[in-house]
Amino acid sequence: MYRCRKNQTMLTAQEKSHFVAAVLALKASGKYDQYIQDHVNFMPNAHRGPAFLPWHREFLRRFELDLQAIDSTVTLPYWDWTVDNSPTLSIWDINFMGGNGRPSDGRVMTGPFAFSTGNWTLIIDGPALRRRFGGAISSLPTPSDVTAALTGPAATPYDVAPYNINSASGFRNLLEGWINGPQLHNRVHVWVGGSMGPASSPNDPVFFLHHCFVDKLWADWQALHPTEGYLPSSGALTGHNLADPMQPWQSRGEVITPASVLDHHALGYAYDTESVCAPKLKFRDDPIKLKFIDDQGKRKFIDDPIKLKVLDDPGKFKFIDDRLMKQPGLDMTVGANRPNIALARGGREAVPFVLSTPHHSMAWAQSFPGAHRTSITQYESTIAQYEQTIREINQAYENGQLSEADMHNAANIYQEYQALLAEYQQLRQQSR
Ligand code: CU
Ligand code: CU
């Protein structure tokens with residue numbers, strides 16, 4: 001049983017308030033400041049080398065467990081700064097992280113962590129939390145920066161000699177951000193600016209959301225490169241080799257090594273994009289795009305033509321032409337007689353397997369060796385698209401933009417969503 005860490009954009013208002021309250025309680029207890037102290041005191045043990053990722057994984061996990069001791073419903077959210085990359089987004093709302101610093105001195109004036117609340121006095125580099133969005137560097141890392149770190153030519157192995165900021169390639173130094181830096185991790189600290197700059201950067205609670213995403217990227221990389229592992233087992237600074245005990249835990253009588261934190265599932269958590277956390281998932285770059293659009297005052301759902309690629313045997317893709325299967329309709333302009341998607345496309349395009357009937361899905365999954373995993377992934381992305389669509393419907397509803405007929409159709413979308421979830425669960429049970 002894993003606790004699932006979610007993208008912060010997926011948190012409900014209630015989840016956000018629970019998270020903020022737990023952070024404030026940890027601060028009031030004095031424990032929060034211990035994290036800052038540890039981060040300051042053990043900078044060389046935790047940065048500029050291979051242990052960068054394991055050290056922060058352990059650091060965040062302890063922080064999360066401390067929050068959960070205060071409120072068991074809380075998990076660490078992550079901030080995907082490649083998508084949520086502007087100062088006007090909800091992460092900076094007064095109910096969550098609070099906003100940018102004021103121009104004169106960078107002091108954060110809004111939200112739960114503003115100095116003026118009396119709840120957030122910094123004991124190091126204080127007294128007030130400061131931010132200067134885009135002050136020293138104008139943009140956050142992009143999705144293609146992340147893709148390059150995960151799968152580009154320099155993305156493997158985990159690290160290379162000399163195992164420090166001069167390592168010319170390797171996932172760790174790419175992600176930490178020293179190669180042609182500041183990039184990725186480093187760049188985010190610089191972009192937020194203010195209190196996120198110095199060694200006391202955990203002063204800003206967004207540090208934990210930032211590093212949670214960094215940790216997720218490591219987990220993503222591990223899943224993409226299951227045979228790569230960790231490097232080195234020797235030759236790096238003490239504390240950075242595979243079996244070296246890491247500080248400050250060693251001096252407190254606990255042996256935590258990079259090796260002991262490689263499997264994040266073994267630590268008790270997972271990310272919302274992993275199947276173990278289904279169905280609450282969020283994907284981007286999905287092949288299927290169900291979009292809720294405003295068509296000159298008329299709202300409707302469109303689907304982009306897609307062809308489902310199914311991995312038949314390794315490296316070889318097979319197109320599935322299942323156009324005659326029963327499909328849930330998604331065109332809201334048609335009302336009760338919603339059309340078959342395949343027919344709406346003129347019958348030219350293959351339809352997504354995931355929208356077929358459960359019975360057919362099972363038979364199909366069994367008849368194509370290796371396809372089971374692919375179909376599960378396909379379900380996950382379709383479910384994520386449904387969730388996005390439902391969010392957009394909810395938004396339109398809140399804005400008073402839905403007619404009675406629209407609401408009826410929206411109810412159908414919810415039903416289809418529920419049916420998909422049921423199918424998905426069934427398929428996943430089969431794969432066990
Ligand atoms: Cu750090
Ligand atoms: Cu950092």
Side-chain angles (χ1 to χ4, degrees), residues 5 8 23 26 31-64 66 76-82 84-85 91 97 113 122-125 129-137 139-141 145-146 149 159 163-165 167 170-179 181-221 236-237 239-240 244 246-250 256 258 261 264:
R5 294 181 178 175
Q8 55 84 22
V23 169
L26 197 66
K31 273 192 170 182
Y32 189 101
D33 291 324
Q34 185 63 52
Y35 283 93
I36 301 163
Q37 199 75 64
D38 285 345
H39 194 263
V40 170
N41 292 347
F42 298 94
M43 275 303 274
N45 308 68
H47 303 86
R48 299 169 174 246
F52 169 68
L53 293 167
W55 191 92
H56 286 85
R57 177 167 281 177
E58 178 68 20
F59 188 71
L60 260 66
R61 182 58 181 149
R62 284 168 185 259
F63 182 76
E64 183 174 50
D66 277 347
L76 273 187
Y78 63 88
W79 169 29
D80 180 351
W81 20 255
T82 69
D84 301 306
N85 59 2
I91 184 173
M97 291 293 111
F113 310 108
L122 312 191
I123 59 158
I124 306 170
D125 299 331
L129 181 67
R130 288 166 295 111
R131 291 175 184 148
R132 286 187 191 278
F133 294 158
I137 201 162
S139 64
L140 284 161
D145 293 337
V146 164
D159 211 342
Y163 305 112
N164 56 31
I165 63 172
S167 297
F171 176 67
R172 189 277 311 167
N173 206 28
L174 266 180
L175 180 57
E176 191 172 2
W178 298 106
I179 299 175
Q183 302 296 347
L184 291 158
H185 157 264
N186 285 343
R187 192 179 188 89
V188 176
H189 279 275
V190 175
W191 184 87
V192 174
S195 302
M196 273 286 269
S200 57
S201 54
N203 266 323
D204 191 331
V206 88
F207 169 97
F208 292 95
L209 279 67
H210 166 39
H211 269 274
C212 191
F213 188 56
V214 171
D215 185 70
K216 178 185 185 298
L217 292 177
W218 185 25
D220 290 346
W221 181 89
L237 270 184
H240 287 267
D244 288 354
M246 296 189 289
Q247 294 287 11
W249 306 294
Q250 183 188 26
I256 310 289
V261 300
H264 67 298

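From a predicted model like this one, the values you see are computed outputs, not experimental measurements. We count ligands from 1, going down the list as the structure has it; atoms in each ligand are counted the same way.
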Trainee: For the ring-ring contact (aromatic ring centres under 6.0 Å, His included) test, which of H39, H211, H47 pairs with H189?
Mentor: H211
Trainee: For the residue pair D125 and S200, confirm or rule out a side-chain donor-acceptor distance under 3.5 Å.
Mentor: yes
Trainee: So, using side-chain contact (heavy atoms from CB on, under 4.5 Å) as the criterion, who are the partners of I179 when residues are at least two apart?
Mentor: N173, L174
Trainee: Testing the basics here: between L217 and L175, what is the closest heavy-atom pair and its distance to 0.1 Å?
Mentor: CD1-CD1, 3.8 Å
Trainee: Provide the atom name of the closest N, O or S atom of H39 relative to the Cu ion (ligand 1).
Mentor: NE2
Trainee: Say whether Q247 and Q250, considering side chains only, have a donor N or O and an acceptor N or O under 3.5 Å apart.
Mentor: yes
Trainee: Which residues and atoms, counting only protein N, O or S, are under 2.8 Å from the Cu ion (ligand 2)?
Mentor: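 The answer, once waters are left aside, is H185 NE2, H189 NE2, H211 NE2.
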Trainee: Supply the atom-to-atom distance W81 CH2 to I91 CD1, rounded to the nearest 0.5 angstrom.
Mentor: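 Answer for the CH2-CD1 pair, W81 versus I91, is 12.0 Å.
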